[in-house]
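Just so it is clear: chains get the letters A, B, ... in the order the sequence lines come, proteins before strands, and each one is counted from 1. Computation of the quantities below employed the complete heavy-atom set of this structure, encompassing side-chain atoms and omitting hydrogens, waters and symmetry-equivalent molecules.
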Amino acid sequence: MSSPINPAFETDVNAADQDLPVVNAEDIRIWYGTPKGPVRAVDGVSFSIRRGEILGLVGESGSGKSTIGRGLLGLLPPGSVIDGELSFKGQDLLALSPKERFKYRGRNLAMIFQEPLTRLNPLMRVSEHFAETLRTHFPKISDEEIETRSLNVLKVIGIPPSRWLAYPHEFSGGMRQRIMIALALVLQPAFVVADEPTTALDVLVEAQIIKILHDLRENFDTALLLITHNLGIIAEACDRVAVMYAGKIVEIGDAVEVFSNPQHPYTQELLRSTITLRTDGLHSIPGAPPDLIDPPSGCHFYPRCPKPMEYCPLAEPDMLNVHGGASRPGSTDAACWHLQLNDVPADKRGPLERDEIAAFEEA
Amino acid sequence: MKRFLKPFQQTTGLARWIMLIGIVIVFLFIIVAIFADFIAPYGFNQVEVDGVRFVKQAPPGPGHILGVNDQFYDIFSRVIYGARTALEVVLLSIILSLVIGVVLGLLCGYVGGWVDRCLVFLMDAMYAFPSLLLAIVFSFLLSGLMKGSGIISAALSLTVVYIPRYFRVVRNTTLSAREATYVEAARAIGAPNRTIMGRYLFTNVIQSVPVIGTLNAADAISTLAALGFLGLGIQPIDASEWGYDLSRALDDAASGIWWTGMFPGLAIVLLVTGLTLIGEGLNETMNPTLRKRRFAAIVLPERKPKAKVAVAAEVVTNDIAESAYEEIVDDGEVKP
Amino acid sequence: MSETVTVPEAPTAGKADVILDVDHLQVHFKLRGAGLSRILGREGGIVKAVDDVTIALKRGEVFGLVGESGSGKTTLGRAVLGLVPITGGLIRHQSLDGGAPVDIASLKGKKLRKHRQKLQMVFQDPHAALNPAMTIETQVGHPLVIHGRAKGAELKAKVKSALEHVGLAPAEQFMSKYPSDLSGGQKQRAVIARAIILEPEVLVADEPVSMLDMSVRAKILQLMLDLKQYLQLTYIYITHDLATAKFFCDRVAIMYLGKIVEVGPTAEIFAEPRHPYTQALLKAIPDVDPSKMVPRDLPRGEIPDAARPPRGCSFHPRCPLARAECGWEPRDLKAMVDEHWTRVSVEQFEKEQALVGNLKELNTDKLKVKLEPAHGGSVDELWTMFENIRTENPEEPLWRGVTRMEKVKDGVVIEFAKPAEIALHPVGNADVSCVLY
């Protein structure tokens, strides 16, 4: 931000921190207990996000992408278990008590949700929302301080200061989402999770919001995890992208590289089946995502993969740095046995014989 | 059918026990009511046997296991027949009020307009009235109109009390269900209004009705007893009624004759409790705001040995992968 | 309107291949006032959900209605089935059976219900469109039962065949299931099965794939293409997604605030979008092309309140290419001042707001307004403020519509240009409603 920042809001950053990732997740698992057995919503996911970086998390519904977002902020529903290593600027988040976590949330970590109207109290003015948020974390803050801080953020987000005393229902859908973003940013968090922030919005408004999120790093130096099912949004707004399938990241890398040269068959198929202005033929992935209570053995994608090998159902491939990319070699990691053929026993490299996927199994 | 049994199958823990106890109590009363003729040693208005009058206010003992009251009736027989009266009246009033309330509610919610406004006004006025007072007024009116049929008029006056309860719930759910896409879809396929109401709205708006029904039944038992207590309900020669017996026993209690009031009172309490337990149990399972979703606690299994290990062995592939997989399934089992 | 079945021939058409002729259609909703005004019985405004729309639908084509929420595209689709009360205009349906054309807008009651057999609809949310308390077999077969067209074994056979046509095969797997047992794509297939079981001529598809996952969308669209071929259907495809519209439709109409702003063959519209709104939409679609960056020059704001649409062209307050005659009015000035305040410091905003007050004199339909300084401010200060706003961004389209800004004794007078009449007129192979052409 260009405006002077009160020392109270400054997140302590020293030079050594600059290169460290803001958030580092290592082998995260999040399982839900259900009467039928545990659902492996997230099953061994690793990634990191640096300062001012936007990581896009893309996947179909049920892939576990929203669960990751909630897991990072400690907003998981009861009945779920999380383990692995999750650090924020070197602090182990999973070791924190719920109370300490609450303190961390807001000041350091924030979330932007899909439905802005349900998150705003209809009986509270915009000003009161900001006052409440700021007072929760800075009990001694003065009224003028609240107004100056909030109006400065609102301006950047595109809400005129003349609406400071308005109620949520006096705003349009896009404006409400802007208010939600401003509420998340007023505490100057170093890390923001945006979960499908534009799903309920129109095309033009969606583009406006994407622009705001894209500009966050310039205005607030925030690291952003952008969760969406829309590949187009990821391609335009993100620096890096992680593609999720059935609770696992199957490919992660530089956004330009992943979209121009996808390595994992799922990424390739997903890109092919996406309908864009350049689409001249329909393509779809057969079958449906697996049941995460009893996922397929080995690589989770083999039942729908266009080129499965005999080895694919037998063992699970690791994430591996791919050196194949032409424009930026080595900028992508992917988990597919085809990319690590050396590790596949020679007699198991033949094509897998698979049952036809019946229509009634389709999504 | 399976859909209607589902809520019971979903019940767990306390809710299930509550419901089970309630069902047992109510079931007992139903058995007693049906076979009253075989269980009761005397008729409900019998005061003598073989020309010999019962001893007035005789204490419990052989011949009259629960004693005799001040009107020379055998208390045990009165209590048994009282169950029949209570269940007859309540069943009749619940069925009548349910049918009228649901139909009117569905119609008002779907059609709307001035019919809706008038009925809502009327029902709200009735709802705002204390239910006992309303029942008293109607039993006055009805007992004048229909002489001799005590049970019917008691049932009708209770019906009037309970219609607004079903009406309100059904109308409000219909009002919101009317805007549902499936209702518009039904219009799009050319369904006439009565089909939309009968096939599309009805099944989706009556889900909370059983809960209200059982809770109302409990309420109806006590209201009926209150009417009898005030001398407005069924006359003792028409049928046996607990509330009436209780009111007669009022004076006895002062002179140490506890049995005349104790047993009819106990019967009322027991049946009301039974019905309330069923209602609460149902409410717990069918009302999503009350239902706590239960989660099975899970313990994350040890991490799977990295696939690399299997690869390093080069030959052993299938077995290792399989066994590692099974191990996870076992460890990940739901621990109660 | 009378309940006659025959209606006069359309003056423009007479072509045999027009199946549905929507002629100056209007669907206006009366708004009920809120709170006190409702109790006092005062009427609220009128929302022109569909305002004077004319379309001729050719037999066998896929006609796309594209627009954002609130554009009236869904209402127009529903009006075709007679599901919303039509306040003006005609919808002539020339049925395949060769009878006289029928005006759906004037059909009522039983006749309308019977006629819906020829026009069916697919909904956006397949989960909500299915009755949760009915099995798939019952609901897919219900249209036949309602119209008394089949029962017993024949009904079952027809349901089975319909399910198999939409890809729910083997049908026995699905017939006894409830909607909650099906996946999203399967539910949408069931909804389509219910729509085609009556063998309709026109299918209105309201965002049929927007709630579905990417990998399922293509399957459903492919199914719809196959069915169109097989059953000789004509589609009205309603969407906000230009990408699927481009692939799926033969012709598209772009709607904005109840009106069609541009209509023509898909290829023409996408190759050479003429209306600034169409151009903006095309620019705004997030594209998987990694070389494309976040678009910067987007129209500002959102779709305005339909109960009080802007004067002249509804798009003018957001339009980057707007001209003097596009319908500028005092309200736009208020929006511009608001926008200006997002760029200034908090202190300057507070000073300026004290100077101009709440700007409620701009809440008028007149073309000329006089602003007076509030709270003892001077006319000079007010004049300087507006001069500054003007010099700060002289490219702002609003200034093109301001014909006069003058300092008078007690305030600043601002006058706007007279709006021009706009209507759809042919440009190239398309029809565009914009003063630029």
*Can you tell me how far the CZ atom of C:Phe248 sits from the CZ atom of C:Arg217, to the nearest 0.5 Å?*
13.5 Å

*What is the ring orientation for A:Tyr245 with A:Phe301, classed by angle as parallel under 30°, tilted 30 to 60°, or perpendicular over 60°?*
perpendicular

*Toward chain A, the part of C:Gln353 with a non-hydrogen atom under 4.5 Å*: side chain

_A:His283 side chain near A:Glu269 side chain, heavy-atom distance below 4.5 Å_ = yes

*Under a 4.5 Å heavy-atom cutoff, which of C:Lys283, C:Arg300, C:Lys246 has the most pairs with chain A?*
C:Lys246

*Checking C:Leu359 against chain A: side chain, backbone, both or neither under 4.5 Å from a heavy atom?*
neither

*In Å and rounded to the nearest 0.5 Å, what is the CD to CD1 distance from C:Glu339 to C:Ile389?*
10.5 Å

*Please lay out, stage by stage, how C:Glu172 and C:Lys160 fare under the test salt bridge (Lys or Arg N to Asp or Glu O under 4.0 Å).*
CA-CA 8 Å; C:Glu172 287 78 10; C:Lys160 191 165 174 277; 3.6 Å; yes

*For A:Leu271, is it the side chain, the backbone, both or neither that has a heavy atom under 4.5 Å from a heavy atom of chain C?*
side chain

*Please state whether the side chain, the backbone, both or neither of C:Glu350 comes within less than 4.5 Å of a heavy atom of chain A.*
side chain

*asked:* At a heavy-atom distance under 4.5 Å, which candidate from C:Gly70, C:Ser345, C:Gly301 has the highest pair count against chain A?
replied: C:Gly301

*Between C:Arg343 and C:Glu392, is there a salt bridge with N-O shorter than 4.0 Å?*
yes

*Return the orientation label for the A:Tyr167 and A:His169 ring planes: parallel under 30°, perpendicular over 60°, tilted otherwise.*
parallel

*Where does C:Arg318 contact chain A at under 4.5 Å (heavy atoms): side chain, backbone, both or neither?*
side chain

*Between A:Pro161, A:Pro160, A:Ser172, which residue shows the highest count of heavy-atom pairs closer than 4.5 Å to chain C?*
A:Pro161

_Quick check for you: among C:Leu212, C:Asp338, C:Leu242, C:Asp241, which has the greatest number of heavy-atom pairs under 4.5 Å with chain A?_
C:Asp338

*Contact class of C:Val209 relative to chain A, heavy atoms under 4.5 angstrom*: neither

